[in-house]
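One structure is given here, and the rest of the page talks about it.
Lettering follows sequence order; numbering is per chain, from 1.
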2 protein chains.
Amino acid sequence: MVKVPSIDSTDRKILGALQRDGRLSNADIAEAVALSPSPCLRRLRRLEAEGVIRGYRPQLDRCAIGLGMTVFVQVKLQDHSARSVDGFEQALLQMPAVINASTVSGSADYLLEVVVADLADYDDWVRGMQALAMVREIESNFALRAVKTGAPLPLAGER
Amino acid sequence: MVKVPSIDSTDRKILGALQRDGRLSNADIAEAVALSPSPCLRRLRRLEAEGVIRGYRPQLDRCAIGLGMTVFVQVKLQDHSARSVDGFEQALLQMPAVINASTVSGSADYLLEVVVADLADYDDWVRGMQALAMVREIESNFALRAVKTGAPLPLAGER
DNA sequence: GATGAAAGTTTCGTCCT
DNA sequence: AGGACGAAACTTTCATC
């Protein structure tokens, strides 16, 4: 039997409050969800311990820290041997510019989100990627304008 | 002349510490960057006020909150009239399932990241998207396995 | 930018309902 | 499982060097 954390409606309210402001104190969360601080803190710690909350992050303005360019990169591998797959994924994990990576359905094997300062920086990064023997094909799609970024996850039956 | 927030190396250290733990107290940040709390707090408040730090968010386990499916959706519009573009983007902003959206180079106009509970939920969402008159084409690429998610932004000259 | 002190919060253990 | 209380720890803010 697999462990089912089972999030109830109060937990969802806590997560919702935290998504609005991730630095809310327990007292503030408790007030927001109409609970007293004690059970609220117990729930919060449980959510953290069970991994529902994996951590906390500041949302940074990429341009302000010199990362003006976001690129979505589709990658196809030469083959899907364990050696190629593991080697490639290991390489991804060691590239700071790659902030998100998934295997995907469709014609590509991987979809990566890459952040760099500028085109020259991206060129450097692509060369490093092309140097990997297991990489067959790389397609780059540059983000031109952010329309919606880092929206909170929908917690209810929202669509 | 545009405002240049000008982030120095100490600011970058502060942002780096916060990216490791977004709930760090000012005292802890100060210790991590080898500064006393007073100037550290001043810098932190400045970074927040200038929008370098746009907010704080918990990193949630999508599966644990019932969002087991992530889909990358490429959308082409019928035309690029202001009416179509504005209408479409307005619609995106009102869809909770769309957590990221950018215009992109390449054959598609937009790349969206959509989170839903399951295929039935995604089908519902796609129908809503197809119902928009300005949408010409939708291509869905399902995330099969996350290799790297929500990595911290590279702050130095990292590549 | 550093230091030190005071005031205000937060967290957490414990007990009770 | 939620609520209340109290103590300890911590954070922030301020004035001063």
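When distances are taken from the side chain of B:Arg43 to each of C:dC12, C:dG1, D:dG2, the shortest belongs to C:dG1. Of the candidates C:dA2, D:dG2, C:dT11, C:dA2 carries the atom nearest the B:Leu35 side chain, counting heavy atoms from C-beta on. Among the nucleotides C:dT3, D:dG3, D:dT11, the one closest to any side-chain atom of B:Ser36 is C:dT3. Comparing C:dA2, D:dG3, D:dT11 by their nearest atom to the side chain of A:Arg42 picks out D:dG3. Between C:dT11, D:dA4, C:dA2, one nucleotide has an atom nearer to the side chain of A:Asn26 than all others, and that is C:dT11.
At whole-Å resolution of the value, CG in B:Leu24 and C1' in D:dT12 are 15 Å apart. Residue B:Glu31 contributes atom CD, which lies 14 Å from atom C1' of D:dT11 at whole-angstrom precision. Rounded to whole Å, the distance from CD1 on A:Ile29 to P on D:dG3 is 15 Å. Look at CG on B:Leu44: it is 14 Å from C1' on D:dT13, rounded to the nearest Å. Distance A:Ile14 CD1 to D:dA1 C1': 13 Å, rounded to the nearest Å. Atom CZ of A:Arg46 and atom P of C:dC12 are 16 Å apart (whole Å).
When each of B:Leu41 and A:Ala34 is assigned the nucleotide of DNA chain D bearing its nearest heavy atom, the one mapping closer to the 5' terminus is A:Ala34.
Side-chain N or O atoms of A:Asn141 include none that pairs as donor or acceptor with a backbone N or O of B:Val104 at under 3.5 Å.
Checked against the 6.0 Å centroid criterion, the rings of A:Phe142 and A:Phe72 do not qualify as a close aromatic pair. Aromatic rings of A:Phe88 and A:Tyr110 (six-membered ring for Trp) have centroids within the 6.0 Å cut-off, being under it.
For the salt bridge (charged side-chain N to carboxylate O under 4.0 Å, His left out) test with B:Asp11, the passing option among B:Arg43, B:Arg45, B:Arg42 is B:Arg43; the others fail.
Not a single donor-acceptor pair, N or O on each side, falls under 3.5 Å between the base of C:dA2 and the side chain of B:Ser38.
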